[in-house]
Structures are given as structure tokens and as C-alpha cells.
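Contents: one structure, followed by commentary.
Numbering of residues begins at 1 and proceeds along the displayed sequence.
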Amino acid sequence: MNREEKTAMSDIKYIKLVTVGSVNPNNPLSDESRAAQVELLNKCLNDYPKGVIIGKDITIGRYMIGEHELNMEKITYHVGFERKPSWEN
């Protein structure tokens, strides 16, 4: 496929869901965990075969802890591939 061409939806045979963030206030993500999630997303978009984001789900959690309001966000990216990557188990 030419680099100038876009991936058609009919060419996508494998979809990986990659989550970044968390909405669980009892188990907040560490900076290392969040960095690992972003690294996986970058691997999906930059390594061979290159994936494309075909959709995303956004989940927002709003919690009251005492007098303080806590907002948390989790985004699940739907990354489509023409075939399953060899690095994917």
C-alpha cells in the first residue's frame, strides 16, 4: 500500500483496544502505569504494521471525597490493523 493512501475500513482485520487512564478512585494509576499505557498506544500507531485510530470511548468519573470533587477520565482507543501485529500475543 502506498504511504499516501489511507487505510480503508474494509482493509481492517484486527482491532486492539488500548486504554489510557482510569476512573477507579480506589486504585489510581501511577505515573509509570500511565506512561506504559501511552507507550503501548504509540507502539500501535508507529510500529509495523501501523495501526490507525478508528474510534474512541471516553469514560468520565466524578466523585465527591469529603468536600472535594475528584474528576477522573479513561479513554479507550480502538486501533485498527490490516493484520494482527506479530508483537501482539
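Among all heavy-atom pairs drawn from Ile58 and Ile75, the shortest one is CG1-CG1, 4.2 Å. The heavy-atom pair separating Trp87 from Phe81 by the smallest distance is CZ2-CZ, 4.3 Å. Shown here for Pro25 and Tyr63, the closest heavy-atom pair between the two residues is CD-CZ, 3.6 Å. Across all their heavy atoms, Asn26 and Asn24 have their closest contact at N-OD1, 3.0 Å. Between Val20 and Gln37, the closest heavy-atom pair is CA-OE1, 3.4 Å.
Evaluated for a side-chain contact (heavy atoms from CB on, under 4.5 Å) with Val79, the options Val52, Ile12, Leu41, Leu17 yield exactly one hit, Leu41.
Atom CD of Glu73 sits about 11.5 Å away from atom OG of Ser22, to the nearest 0.5 Å. Between the NZ atom in Lys43 and the NZ atom in Lys16 there is a gap of 9.5 Å [rounded to 0.5 Å]. Going from atom NZ of Lys74 over to atom CG of Leu29 covers 10.0 Å, rounded to the nearest 0.5 Å. The structure places NE2 of His78 at 12.5 Å from SG of Cys44, a figure rounded to the nearest 0.5 Å. With rounding to the nearest 0.5 Å, the separation of CG in Leu45 from CD1 in Ile53 is 5.0 Å.
Legend: residues meeting side chain to side chain contact (heavy atoms under 4.5 Å, CB included) with Met64, ordered by chain and number and at least two apart, are Glu69. In this structure, the side chain to side chain contact (heavy atoms under 4.5 Å, CB included) partners of Lys84, at least two apart in sequence or on a different chain, are Tyr14, Glu88. With sequence neighbours excluded, no residue forms a side chain to side chain contact (heavy atoms under 4.5 Å, CB included) with Ser86.
Open room surrounds CZ on Arg62; 12 or fewer heavy atoms of other groups in view lie less than 6.0 Å from it.
Proximity of Ile54 to Ile15: side-chain heavy atoms (C-beta onward) are separated by under 4.5 Å at one or more points. You'll find the side chain of Leu70 stays beyond 4.5 Å of the side chain of His68, heavy atoms only.
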